Amino acid sequence: MERLFSTKLCMLIVVALALQMHGNKGCLEKERIALLAIKPSIINAIVQLEESLFGDEELFSAALSLSSTFRIRLYDRKRTVESWVDDRVSDCCDWYRVECSTTTGRVMNLSLSRLFPESTILNFSLFQPLEQLQILDLSDNNFEGWIDSRAHHLKQLKILNLGENNFNGSILPYLTAITSLTTLILNWNNLQDFNPTQGLANLTNLEYLDLSVNRINVSLQEFGGGLANLTNLEFLDLSVNEMSGSLQQANLRNLKFLDLSENAMIGSLQELGICKLKNLIELDLSPFSFSSIVNLSKLEIFQLSTKDSTLLETENFLQPPNQLKFLNLRKCNLHRIPSFLMYQNSLEFIDLSHNKLVGMFPTWLLRNNTRLQGMLLINNSLSGILQLPNSTHDLLDLRISSNNLNGQLPMNIGVILPRLGRLDLSNNSLEGYIPWSMGEMKSLNILDLSSNSFSGELPKPFVSGCPSLAWLILSNNNFQGEIFPQFMNMTQLQFLLLDNNKFGGKIKDGLLKARFLQGLYLSNNSFSGQIPDWIGNFSLLNDIVLSNNQLEGGVPVQLSNLGELEILDISENRLSGSMASSFNLSSSVMKLCLQKNALNGSIPNAFLGSSNLLILDLRDNGFSGSISIQIDEVPKLGFLLLGGNHLEGLIPHELCKFKDLSILDLSRNRLNGTIPSCFTNILTWVEQSNSRYKIPPGFGWDIQDERYTFASYNVTFAFNQVNSQVDATPVTEIGFVSKNRYESYKGSILQYMLGIDLSNNELTGDIPIEIGNLQQIKAMNLSHNFLSGSIPESFSNLTNIESLDLSRNKLSGRIPPQLTQLNSLGTFNVSFNNLSGPVPDNWQFGTFVESSYGGNPDLCGPQIKRSCGSSEPPTPPATPSQEDESAIDMVSFYWSLFAAYVTTIMASVLILWLNSYWRRWRLLGLLSVVLVF
């Protein structure tokens with residue numbers, strides 16, 4: 001009997017274990033129905049977003065073309081809707097954004113973040129059936145209120161994220177019932193009217209509380225009183241508010257992390273009540289001044305930003321046994337490395353960037369802190385050579401960019417720092433070769449030696465010995481030699497920047513091993529040969545910049561295979577031939593620069609028909625034929641630069657569909673016909689518009705900073721400076737003739753430059769008066785054409801124009817005196833036309849030089865030193881019909897004169913023939929008269 005019982009018991013245990021291992025295969029029906037009740041709200045949010053964006057074409061274009069975040073979020077919303085299927089077959093535990101318990105099948109984790117972009121009210125009753133819910137993420141939406149008070153049904157809820165919404169203080173009473181909460185995130189809301197006693201006092205299980213960036217304007221005394229019962233609180237973020245006072249009344253004996261930065265704190269740490277927080281591990285008080293942190297014996301993480309560095313530079317600021325692990329003193333106006341650091345030997349991360357530190361590199365910091373992982377000394381004034389410890393160190397991150405270091409790198413740098421993952425020595429005065437020992441850095445992921453004076457070839461041990469290298473940045477040096485040999489072993493390479501050096505030779509196929517390559521920047525070198533066809537094999541390649549080299553041959557059609565390509569710049573080379581008709585531009589391309597080569601043939605239709613292209617520069621080539629534009633959808637082109645080719649025919653009216661155009665250069669071609677009056681359809685030229693801001697100041701990428709995991713513990717949150725992005729984006733630069741000289745516009749300036757250059761063509765007819773409505777234009781050049789008629793008075797509406805060149809045309813009439821209203825005009829040229837009348841001399845027109853009006857004999861005024869004489873207006877120029885009549889009269893005159901001459905001669909000859917006396921003596925005289933005539 002006992003044996004039977006034991007057998008049954010074992011079977012029950014096996015079944016129980018099996019159930020526990022395999023779990024429940026389906027979610028509860030009521031929870032599935034509850035989730036489906038949320039789905040219509042998500043669908044409605046997507047519809048509202050698309051309708052609002054499609055209704056604002058500029059906003060939609062800017063968001064969709066430039067913001068990868070926007071595209072990801074739009075895809076994420078649609079993926080949620082597609083995943084939540086009401087077919088009574090799919091398991092809601094498998095739905096996107098839903099996680100269930102593997103044993104009970106109950107929904108445990110629900111994320112609805114970034115789904116509701118439009119302002120809406122949160123109906124909390126939708127979550128009532130999810131009784132076992134433990135994690136609810138509603139962050140980064142646009143909730144501005146809360147209805148239904150059934151939050152008490154969620155008795156298992158532990159983590160609630162309401163950050164980045166528009167909630168105000170009225171939400172607090174609804175939180176009172178969720179007493180099970182251990183984590184509450186309310187950052188980036190509008191809790192100005194925050195009252196901690198209304199909703200937080202009952203949350204006694206709370207361990208993590210984030211109220212940052214809320215403009216809370218209450219005293220710390222009042223706030224601390226509301227937190228008196230939160231004895232389990234370990235993390236408190238009150239940064240970027242308007243709080244002042246003291247935390248003396250708060251019973252925060254277990255607090256480990258405290259952020260009071262960007263508030264209105266004054267007084268000492270004792271007065272703030274911080275000295276009683278004996279378990280404090282991390283403290284951020286930036287910006288703030290205080291006496292010392294000696295009393296905080298358990299403090300391990302400290303960040304401060306202050307203009308008064310006096311205290312930090314004393315030994316009393318922090319003394320043993322206090323040992324920090326994480327120290328961030330960015331922007332503290334430090335002139336020397338604080339002496340209290342001499343007593344620190346447990347540091348794992350230190351950041352002293354953006355100060356005024358002088359002297360040698362602090363090698364002693366590495367010697368004293370053997371567990372140091374990250375050392376940042378960016379943007380100081382450290383000088384001398386880079387000296388390293390004599391023994392091996394496990395440092396992972398060393399950044400000393402933008403200092404005054406000089407000399408050569410230590411030959412044994414790869415031996416001393418073998419585990420280094422990131423090394424940034426850019427913007428110094430270092431010279432010499434790359435040490436061969438850098439090939440020993442097997443973990444090196446990011447190397448930036450740009451903007452120094454390094455020279456020589458890249459050593460073989462380095463090229464073949466850094467398999468983890470993803471970012472190699474050697475720009476702006478004097479490196480030379482050939483690159484990409486067969487033994488190259490940088491298989492993880494993603495971004496390669498070798499621009500502005502002296503590299504040469506052919507581009508070899510050793511680069512093919514870098515199959516994850518995303519950015520290739522080789523501009524301003526001496527590379528020769530052809531662009532290799534195999535570049536089209538890099539499926540992830542985003543950017544190709546090979547400008548200003550000596551490359552020759554044609555443009556490989558294989559470049560059409562790059563489906564992720566965004567930038568193609570092969571300008572200023574020796575490329576020739578026509579672009580193949582099979583060359584198709586990827587829809588992802590935003591910048592295409594082929595200028596200053598010898599390319600010919602017609603412009604491929606794919607160039608001007610691309611929907612996402614922002615910059616097209618084909619200047620100074622040999623392209624011919626007409627400008628053919630086939631547009632399937634409204635383009636986003638911002639810069640169309642076709643000057644210096646052999647284009648002919650009319651300026652197509654389809655150009656007027658480029659509503660976001662900033663700069664148009666069609667100069668130095670053979671275009672004829674009239675100037676299209678529909679240019680007023682280009683909105684950026686007509687009205688103040690946000691659409692031009694979609695042209696980014698830079699294309700490319702950012703280097704993401706690391707998040708540090710310390711040897712002693714995992715940091716639950718890190719400082720903004722540590723996790724910020726390092727801007728390494730190549731600057732967008734466009735050249736354009738303005739103010740009679742070639743200007744280079746780059747970076748953010750491009751967002752403000754708007755111009756038209758139609759000069760050196762064969763354009764005819766009047767200047768359309770509608771051109772005067774292009775109020776945002778800053779530069780207009782219509783010179784060297786055959787334009788006729790008068791200067792439109794509507795030009796007085798060009799209130800932002802800085803440069804206007806109408807020279808060498810056939811313009812007539814007066815210079816409109818209304819142009820004196822153009823206060824921004826700095827360059828004005830109407831020389832070599834048929835203009836007449838007085839030259840305006842008011843305001844800035846009194847500063848233009850005489851040559852601006854030369855070649856117009858009927859102009860007068862002090863500027864050209866020609867008196868206008870009587871006040872009578874000059875004779876108006878003849879009309880075309882009058883000129884024709886005048887030409888006919890002159891022909892008749894010459895024929896009449898010839899007939900009279902012949903008649904006179906014949907009469908004289910007849911008289912002489914009849915009278916022999918006159919015939920004998922006057923014949924010679926008559927002949928002499930005839931000859932003289």
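No experiment lies behind these values; they were computed from the predicted model shown.
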For Ser443 against Arg419, the heavy-atom pair lying closest together: CB-O, 4.0 Å
Selection residues 454-470 - residue pairs positive for side-chain hydrogen bond (donor to acceptor under 3.5 Å, both in side chains), sequence neighbours left out: none
Do Trp534 and Leu512 have side chains that get closer than 4.5 Å, going by heavy atoms? yes
Can you check whether Glu564's main-chain N or O pairs, donor with acceptor, with Asn542's side chain at less than 3.5 Å? yes
Between Leu425 and Leu423, is there a side-chain heavy-atom distance shorter than 4.5 Å? yes
Which pair of non-hydrogen atoms, one from Arg422 and one from Leu444, has the smallest distance, and what is that distance? N-CD1, 4.2 Å
Taking Thr182 for its side chain and Lys158 for its backbone only, find out whether a donor-acceptor pair lies under 3.5 Å. yes
With a 4.5 Å limit on heavy-atom distance, are the side chains of Lys256 and Leu258 in contact? no
The reported gap from CG in Leu209 to CG in Leu233 (rounded to nearest 0.5 angstrom) is 6.0 Å
Tell me, please, which residues at least two apart from Asp137 pass side-chain contact (heavy atoms from CB on, under 4.5 Å). Ser111, Ser113, Ser139, Asn161
Can you pull the salt bridge (charged side-chain N to carboxylate O under 4.0 Å, His left out) pairs that have at least one residue in residues 352-363, sequence neighbours excluded? none
When you look at Ile385 and Leu405, which way does the side chain to side chain contact (heavy atoms under 4.5 Å, CB included) test go after all the steps? CA-CA 6 Å; Ile385 62 174; Leu405 299 178; over 6 Å; no
Stepwise, does the side chain to side chain contact (heavy atoms under 4.5 Å, CB included) test hold for Leu388 with Ile413? CA-CA 8 Å; Leu388 298 176; Ile413 184 173; 3.7 Å; yes
Keeping the roles fixed (side chain from Asn328, backbone from Arg330), state whether a donor-acceptor pair exists under 3.5 Å. yes
Kindly state each residue pair satisfying salt bridge (charged side-chain N to carboxylate O under 4.0 Å, His left out) with at least one member in residues 468-486, sequence neighbours excluded. Glu482-Lys508
Interatomic distance, CG@Leu283 vs CG@Leu255, rounded to 0.5 Å, equals 9.5 Å
Enter the distance from Leu541:CG to Glu566:CD here, rounded to the nearest 0.5 Å. 10.5 Å
Under a 3.5 Å distance rule, please check whether Asp210 uses its side chain to pair with a backbone N or O of Ile185 as donor and acceptor. no
About how many Å separate CG of Asn369 and CD1 of Ile350, when rounded to the nearest 0.5 Å? 7.5 Å
Testing the basics here: between Leu420 and Asp397, what is the closest heavy-atom pair and its distance to 0.1 Å? CD1-N, 3.8 Å
Note, Asn404 side chain near Leu382 side chain (heavy atom, < 4.5 Å): no
Minimum side-chain heavy-atom gap Arg371-Ser346 below 4.5 Å: yes
Quick check against the 3.5 Å criterion: does Asn380 have a side-chain atom that pairs as donor or acceptor with the backbone of Asn355? yes
Is there side-chain contact between Asp351 and Leu327, with heavy atoms separated by less than 4.5 Å? no
Identify the heavy atoms of Leu252 and Leu236 that sit nearest to each other, and give their distance. CD1-CD2, 4.1 Å
Could you note down all residue pairs passing side-chain hydrogen bond (donor to acceptor under 3.5 Å, both in side chains) where residues 485-506 supplies at least one of them, sequence neighbours left out? Ser475-Asp499, Asn476-Asn500, Gln486-Asp509, Gln494-Gln518, Asn500-Asn524
Parallel under 30°, tilted from 30 to 60°, perpendicular over 60°: which one fits the rings of Phe235 and Phe257? tilted
Of all heavy-atom pairs between Asn525 and Phe503, which one has the smallest distance, and what is that distance? OD1-N, 3.0 Å
Go through it in stages, so that I can follow the logic: the residues are Ile567 and Ile544, the test is side chain to side chain contact (heavy atoms under 4.5 Å, CB included), and I'd like the CA-CA distance, side-chain angles, deciding distance and then a yes or no. CA-CA 6 Å; Ile567 299 176; Ile544 301 177; over 6 Å; no
Counting distance only, does the side-chain N/O of Asn241 pair as donor-acceptor with the main-chain N or O of Met243 below 3.5 Å? no
Check whether Gln408 reaches the backbone of Tyr433 with its side chain - one donor and one acceptor, N or O, closer than 3.5 Å. no
Hey, what do you get for CG (Leu472) to CZ (Phe495), rounding to the nearest 0.5 Å? 13.0 Å
What distance separates Ile416 CD1 from Asn390 CG, expressed to the nearest 0.5 Å? 7.0 Å
Please check: side-chain N/O of Ser239 versus main-chain N/O of Ser212, any donor-acceptor pairing under 3.5 Å? no
Checking side chain to side chain contact (heavy atoms under 4.5 Å, CB included) for the pair Lys331/Leu329: CA distance, chi angles, key distance, verdict? CA-CA 6 Å; Lys331 300 180 180 179; Leu329 297 180; over 6 Å; no
Closest approach of His393 and Pro418, non-hydrogen atoms and distance? O-CD, 3.7 Å
N/O donor-acceptor pair under 3.5 Å between Glu234 side chain and Asn254 backbone: no
Passing option when Ile400 is tested against Asn379, Asp424, Ile378, Leu386 for side-chain contact (heavy atoms from CB on, under 4.5 Å): Leu386
Measure from the side-chain N and O atoms of Ser588 to the backbone N and O of Leu565, and report whether any donor-acceptor pair falls under 3.5 Å. yes
Given side chains that start at C-beta, do those of Leu496 and Phe484 come closer than 4.5 Å, heavy atoms only? yes
Looking at side-chain heavy atoms only, is the closest gap between Phe527 and Leu546 below 4.5 Å? no
Residue pairs fulfilling salt bridge (charged side-chain N to carboxylate O under 4.0 Å, His left out) with at least one residue in residues 467-480, sequence neighbours excluded: none
